[in-house]
Participant: 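Before we start, here is the structure in question, set down as structure tokens.
As the structure is a prediction and not an experimental result, all values here were calculated from the model.
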Amino acid sequence: MKKLRKISLLLVAMLAVTMLGGCGSFDASGYIKALLDNSYKNDSTAFVEQKVGTEEQAKELYDQGIETELNSLIAGVNISDDLKNEFTTVLQDVYKSVKYTVGEATKQDDGSYKVEVKYQKMKVFAAAKEEFQTGQQAYTDELSELIQNGGEEPSEDEINEKVYTILKDSIETALQDAEYEDEASITVRVELNDKVYSPNQEDVEALEYALFDLEEASNLGQ
């Protein structure tokens, strides 16, 4: 099984194409909200209002992020298109379930901004990993019994389809009962370089780990 890559790919894929000119009025808080809403909620409202890009560009970036995540999860494994579509839906549901509120921006002397983001960390991947390990062990036992009784061993593709279905179902089940930690806050810096604003990537990654229990996601499926 492959590792689930950290979800910040959604934001990183967007940063390269959503940089704004540093001259004139700039709403740093609205900018961060635009990135987050489009990345996680598939909501392009702020993205368009803040003139980060068009609705079509927002959808393209969101779809690209989802596809990148899915491909990293199933890299080198052959599964059906139906299962890929089901996985896509589950990943979308996970991202939509994050809880955050973008606060006020504070301008710094160098022209950059600090934006406060309040959040409640969603605990979903630890439960998904536990669910998956249980399901995978049950399937392994089932295969062993089948072969011991003279049954025909499934093909590699059939095994992959079953195992990744268990993984998909495990994430879906964990999401239904996901717990959230108490509200906390984190600061995202929006930096100004060569008259271009962009979020600090270390802060973006820190926010990702604040929103999800990604320390568990990195080993999901092993």
Side-chain angles (χ1 to χ4, degrees), residues 3-16 18-20 26-50 52 58 61-62 64-66 68-70 72-73 89-108 112-131 170-191 197-220:
K3 290 184 178 181
L4 180 60
R5 191 172 299 177
K6 59 185 176 64
I7 303 173
S8 58
L9 280 172
L10 283 176
L11 288 177
V12 171
M14 182 173 292
L15 297 182
T18 59
M19 298 181 293
L20 303 178
F26 176 62
D27 180 1
S29 177
Y31 177 49
I32 292 299
K33 178 174 170 55
L35 295 182
L36 293 175
D37 286 356
N38 196 69
S39 295
Y40 295 117
K41 309 292 186 178
N42 193 20
D43 181 355
S44 63
T45 303
F47 191 93
V48 175
E49 288 179 351
Q50 294 296 319
V52 178
L61 288 167
Y62 175 79
Q64 176 187 341
I66 292 291
T68 299
E69 285 306 313
L70 178 60
S72 71
L73 182 62
T89 298
V90 170
L91 289 176
Q92 290 173 330
D93 288 343
V94 169
Y95 301 154
K96 286 179 182 178
S97 299
V98 298
K99 294 183 179 182
Y100 61 83
T101 302
V102 180
E104 297 296 323
T106 303
K107 191 170 185 177
Q108 308 300 297
S112 65
Y113 290 84
K114 289 184 178 180
V115 180
E116 180 186 30
V117 180
K118 294 183 178 180
Y119 65 92
Q120 288 181 265
K121 186 171 187 175
M122 182 170 66
K123 299 165 68 174
V124 61
F125 292 116
K129 182 168 67 174
E130 183 176 348
E131 182 83 12
S170 297
I171 298 173
E172 190 171 29
T173 298
L175 179 60
Q176 292 173 356
D177 298 318
E179 297 180 353
Y180 294 84
E181 296 182 357
D182 293 338
E183 186 176 75
S185 65
I186 192 170
T187 297
V188 177
R189 290 166 290 174
V190 181
E191 299 170 330
Y197 284 109
S198 61
N200 178 278
Q201 293 196 28
E202 291 182 359
D203 292 348
V204 168
E205 183 172 341
L207 177 58
E208 292 281 346
Y209 276 88
L211 293 174
F212 303 88
D213 54 345
L214 284 181
E215 62 277 4
E216 300 293 343
S218 63
N219 295 315
L220 186 63

Participant: Is there a side chain to side chain contact (heavy atoms under 4.5 Å, CB included) between V102 and L36 once you walk through the steps?
Facilitator: CA-CA 9 Å; V102 180; L36 293 175; 3.8 Å; yes
Participant: Please indicate whether Q108 has more than 12 foreign heavy atoms, meaning atoms of other residues, nucleotides or ligands, lying under 6.0 Å from its CD.
Facilitator: yes
Participant: Are R189 and K114 packed together at the side-chain level, in the sense that at least one heavy-atom pair is separated by less than 4.5 angstrom?
Facilitator: yes
Participant: Would you compute the distance between atom OH of Y62 and atom CG of N42 and round it to the nearest 0.5 angstrom?
Facilitator: 4.5 Å
Participant: Validate the cation-pi geometry between K96 and Y40: distance from NZ or CZ to the six-membered ring centre under 6.0 Å, angle to the ring axis within 45°.
Facilitator: no
Participant: Is D203 close to I186 at the side-chain level, that is, under 4.5 Å between some pair of heavy atoms?
Facilitator: no
Participant: Say you draw a straight line from CG of D182 to CD of Q120; how long is it, rounded to the nearest 0.5 Å?
Facilitator: 7.5 Å
Participant: Do the side chains of Y119 and T101 get nearer than 4.5 Å, heavy atoms only?
Facilitator: no
Participant: One thing to verify: whether D213 and K123 come together as a salt bridge, which I'm taking to mean a side-chain N less than 4.0 angstrom from a carboxylate O.
Facilitator: no
Participant: V94 and M122: side chain to side chain contact (heavy atoms under 4.5 Å, CB included), yes or no, with the steps?
Facilitator: CA-CA 9 Å; V94 169; M122 182 170 66; 4.0 Å; yes
Participant: When you look at F212 and V98, which way does the side chain to side chain contact (heavy atoms under 4.5 Å, CB included) test go after all the steps?
Facilitator: CA-CA 8 Å; F212 303 88; V98 298; 2.9 Å; yes
Participant: Does any part of the side chain of Q50, heavy atoms only, come nearer than 4.5 Å to the side chain of D27, both counted from C-beta?
Facilitator: yes
Participant: State, with a plain yes or no, whether a side-chain heavy atom of L175 is found less than 4.5 Å away from one of S97.
Facilitator: yes
Participant: Taking C-beta and beyond as the side chain, do V115 and T187 meet within less than 4.5 Å on heavy atoms?
Facilitator: no
Participant: Can you tell me how far the NZ atom of K107 sits from the OG atom of S112, to the nearest 0.5 Å?
Facilitator: 9.5 Å
Participant: Can you list the residues that meet the salt bridge (Lys or Arg N to Asp or Glu O under 4.0 Å) rule with K41, with sequence neighbours excluded?
Facilitator: none
Participant: Check step by step if ring-ring contact (aromatic ring centres under 6.0 Å, His included) holds for Y31 and Y197.
Facilitator: CA-CA 9 Å; Y31 177 49; Y197 284 109; 7.8 Å; no
Participant: Hey, are the side chains of V190 and I32 touching, using non-hydrogen atoms and a 4.5 Å cut-off?
Facilitator: yes
Participant: Can you tell me how far apart CD (E181) and NZ (K99) are? Round to the nearest 0.5 Å.
Facilitator: 12.0 Å
Participant: Do T45 and D43 get their side chains close enough for a donor-acceptor pair, meaning under 3.5 Å?
Facilitator: yes
Participant: Sub-3.5 Å donor-acceptor pair from the side chain of Y100 to the main-chain atoms of D37, do we have one?
Facilitator: yes
Participant: Under 3.5 Å, side chain of S29 to main-chain N/O of A105, donor-acceptor pair present?
Facilitator: no
Participant: Rounded to the nearest 0.5 Å, how far does OG of S185 lie from NZ of K118?
Facilitator: 7.0 Å
Participant: When rounded to the nearest 0.5 angstrom, what is the spacing between CG in L61 and CG in L35?
Facilitator: 9.5 Å
